[in-house]
Amino acid sequence: MVTQNEFMRRFKDMEKVSGQQGFYGGFDHYNLVINGNHPLATRILDEKDDEKRTQLVQQMIDLAMLSQNILTGEKLSEFVKRSYEML
């Protein structure tokens, strides 16, 4: 699950209202919360191949971002391509 700090969320809302969207660098800060009991977390920890482990971690992050509607553009295209390759 991906969460965003309440202060950052409100700060971005204030930028939009004031018309200065992206004025302060357009930085985004998110927290990734991982359920250690989930089978995917166990699979990542048990994976011996570094490349495959990295791919699984990125897939997990992208799925969490997709669930919050913050995965867009090129990152979304990369996610779709990686998902297809993993099948």
Side-chain angles (χ1 to χ4, degrees):
M1 174 189 299
V2 173
T3 61
Q4 186 175 28
N5 181 312
E6 183 66 18
F7 173 78
M8 293 302 298
R9 187 192 65 73
R10 289 177 185 238
F11 187 77
K12 287 178 78 171
D13 287 346
M14 285 186 343
E15 278 186 332
K16 288 178 187 175
V17 170
S18 68
Q20 297 180 352
Q21 191 170 355
F23 182 75
Y24 295 102
F27 55 91
D28 291 323
H29 180 79
Y30 300 101
N31 296 315
L32 181 64
V33 180
I34 300 172
N35 176 359
N37 293 324
H38 194 279
L40 181 57
T42 304
R43 183 175 168 196
I44 290 170
L45 291 173
D46 292 341
E47 183 60 51
K48 303 296 182 206
D49 182 13
D50 287 338
E51 184 177 329
K52 188 161 185 165
R53 183 182 313 126
T54 301
Q55 191 177 36
L56 287 170
V57 168
Q58 189 59 54
Q59 193 74 357
M60 179 180 62
I61 292 168
D62 287 350
L63 282 169
M65 292 177 70
L66 185 64
S67 72
Q68 298 296 318
N69 294 323
I70 52 179
L71 187 67
T72 58
E74 187 177 326
K75 294 281 189 184
L76 180 58
S77 297
E78 290 172 8
F79 167 74
V80 171
K81 181 180 177 187
R82 187 181 335 99
S83 296
Y84 179 74
E85 291 171 355
M86 290 178 78
L87 291 175

Inset, instruction - Please name the pair of heavy atoms, one in A64 and one in L32, separated by the smallest distance, quoted to 0.1 Å. - result: CB-CD1, 4.0 Å
Legend entry - Minimum side-chain heavy-atom gap L63-L71 below 4.5 Å: no
Inset, instruction - Go through V2 and I61 one step at a time and tell me if the side chain to side chain contact (heavy atoms under 4.5 Å, CB included) criterion holds. - result: CA-CA 8 Å; V2 173; I61 292 168; 5.8 Å; no
Legend entry - Test item: M86 and K52 side chains (from C-beta on) under 4.5 Å apart, heavy atoms: no
Inset, instruction - Considering non-hydrogen atoms only, spot the tightest contact between G36 and A41 and give its length. - result: O-CB, 4.1 Å
Legend entry - Atom pair OG1/CG of T54 and D50 - distance to nearest 0.5 Å: 6.0 Å
Legend entry - Approximate separation, where rounding is to 0.5 Å, of Q58 CD and E78 CD: 8.0 Å
Inset, instruction - Give, for atom CD1 of I34 and atom CE of M1, the distance between the pair rounded to the nearest 0.5 Å. - result: 12.0 Å
Legend entry - Residue pair L40 / Q59, side-chain heavy-atom distance below 4.5 Å: no
Inset, instruction - To the nearest 0.5 Å, tell me how far E51 CD sits from R53 CZ. - result: 12.0 Å
Legend entry - Hydrophobic cluster identity match, L66 and V80, side-chain contacts under 4.5 Å: yes
Legend entry - E85 CD: over 12 foreign heavy atoms closer than 6.0 Å: yes
Legend entry - CG-CD1 distance between D62 and I70, expressed to the nearest 0.5 angstrom: 10.0 Å
Inset, instruction - Name all residues meeting the side chain to side chain donor-acceptor pair (under 3.5 Å) criterion together with R10; count only those two or more places apart in sequence or in a different chain, and write none if there are none. - result: E6
Inset, instruction - Look up atom CE in M65 and atom OH in Y30, then write down how far apart they are to the nearest 0.5 Å. - result: 6.5 Å
Inset, instruction - Work out which heavy atom in E47 is nearest to a heavy atom in L56; give both atom names and the distance. - result: OE1-CD1, 4.4 Å
